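Here's the structure we're looking at; comments come further down.
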Amino acid sequence: MKSIIEPFRIKMVEPIRLTTEPQREAVLRRADFNLFRVPADDVMIDLLTDSGTSAMSSEQWAGMLRGDESYAGARSWHRFESVMRELTGMPHILPTHQGRASERILFELVGGPGKVVPNNTHFDTTRANVEHSGAEAVDLVIDEGLRPRERHPFKGNLDPAKLERLIAGVGASRIPLVMVTITNNSGGGQPVSLANLREVKAICTRHGIPLFLDACRFAENAFFIQRREPGQGERSIRQIVREMFELADGATISAKKDGLANIGGVLLLRDDALARRADDLCILTEGFVTYGGLAGRDLEAMAQGFTEVLEDDYLRYRIRSVEYLGERLLEGGVPIVEPPGGHAIYIDAGALLPQIPSEQFPGQALVCALYRHAGIRACEIGSVMFGAHAKMELVRLAIPRRVYTQSHIDYVIEAVLEVAERRSRLRGLRIVEAPPSLRHFSARFVELT
Ligand SMILES: *Cc1c(COP(=O)(O)O)cnc(C)c1O
């Protein structure tokens with residue numbers, strides 16, 4: 001059957017306030033055309049991010065009540081630890097308040113001036129933590145991963161030849177670890193194959209360099225491997241996940257993505273000495289090693305979330321729903337990053353709105369039009385976010401997990417296609433006030449006439 005049905009039913013609802021176009025016009029003006037300044041209550045479909053926005057299950061909420069808030073060795077910690085150990089096989093498991101806290105601890109330990117950290121594509125907080133330590137962050141994704149229209153089953157792969165060249169150029173002693181982001185968030189949520197992980201691991205082993213995963217979307221990545229990689233179709237998601245982690249010497253994870261939780265992170269380590277030093281840093285700023293800055297109930301939500309995310313029915317629905325959104329937009333002539341990734345669809349606003357030059361922010365123009373027309377909040381990833389460094393003018397529709405139904409997705413499709421139909425009427429914007437860094441969060445705009 002073709003219909004995509006949600007493999008869950010709804011026990012609790014959160015009303016969406018339906019607004020009119022004139023109401024949204026007023027909101028948009030009050031927010032100076034910056035969607036980060038719009039109150040969430042004024043948004044109908046919020047696709048700003050898939051991070052921390054998941055709906056929790058009845059079992060997760062039940063776990064919240066069972067949470068043990070003991071300072072040390074809480075029951076909730078033991079449950080969380082055993083779930084993560086079974087999932088990954090990693091000997092050292094450290095909870096943290098978010099993925100970036102795991103990154104901060106890791107790069108404080110292994111980074112520093114003179115060091116070079118390769119990744120397929122660094123996520124922005126990962127790059128920031130590498131650079132904050134004084135090290136240099138280098139992106140080595142395969143060339144296909146840099147071309148939006150080019151189809152490749154594993155567009156997130158790290159290029160082994162580029163890695164060999166980097167190691168030959170700077171020397172293995174300056175590379176404290178190689179990181180691979182699964183799925184490659186900044187590259188459009190594109191997966192990495194097991195074959196690529198094995199090849200990168202072999203190079204790392206040859207040069208004595210540890211391999212780490214930025215494993216925020218490990219379950220979505222495993223699903224793509226099961227579907228697309230020769231010889232993997234008969235294996236379970238759990239087996240594939242286990243192999244991905246067995247190839248690694250450690251991992252950072254944000255539980256706000258595939259952990260199906262609203263907060264939380266994990267740092268996984270294989271090396272005993274490194275783990276002892278990580279424990280000390282965790283205690284310094286996060287909390288004792290059995291709670292890492294989280295409440296016991298958060299550990300329960302994470303333990304249950306990291307279990308539910310592996311279910312075949314859930315993953316099939318999740319990936320199919322995002323793919324369906326991408327297919328309908330392509331059929332309607334809307335250019336997107338292809339093929340659709342795991343957690344989001346990226347519209348190529350630069351290609352859709354050729355009349356608006358980069359200096360007038362075509363992505364921001366599209367984001368504003370989607371909000372004005374349909375109350376949808378999307379995220380500009382282009383010249384507003386990256387200034388002159390922007391390589392593309394993208395608009396990301398990130399899909400929160402288990403939050404919106406298929407009819408919400410159909411509404412989004414209808415809205416994007418209607419906005420695309422009147423694309424010639426869209427106008428660019430000008431920044432009237434912006435802070436020196438991270439300007440996308442607070443910049444104020446006016447629309448050009
Ligand atoms: C979200 C994310 C992070 C950071 O996690 P936070 O929980 O937001 O701190 C790191 N890497 C990737 C790939 C991510 O998607």
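Just follow the structure's listing: the first ligand is 1, and inside any ligand the first atom is 1. Predicted, not measured: the structure shown is a model, and the values here were computed from it.
Relative to the ring axis of F123, K257 places its NZ or CZ within 45° and under 6.0 Å from the centre.
Contact residues for ligand 1 (protein heavy atom closer than 4.0 angstrom to any ligand atom): Q98, G99, R100, E103, F123, T125, T126, T181, N185, D214, C216, R217, S254, K256, K257.
Looking only at side-chain heavy atoms (C-beta outward), Q406 and E6 come within less than 4.5 Å of each other.
The side chain to side chain contact (heavy atoms under 4.5 Å, CB included) test applied to D124 returns no partner, not counting sequence neighbours. Scored by the side chain to side chain contact (heavy atoms under 4.5 Å, CB included) test, V38 finds V27, A31, L35, D42, V43, Y371, R377 as partners (sequence neighbours excluded). Among residues two or more places apart in sequence or in another chain, the salt bridge (Lys or Arg N to Asp or Glu O under 4.0 Å) test is passed with R242 by E246.
With hydrogens and angles disregarded, no donor-acceptor distance shorter than 3.5 Å links the side chain of E229 to the backbone of F224.
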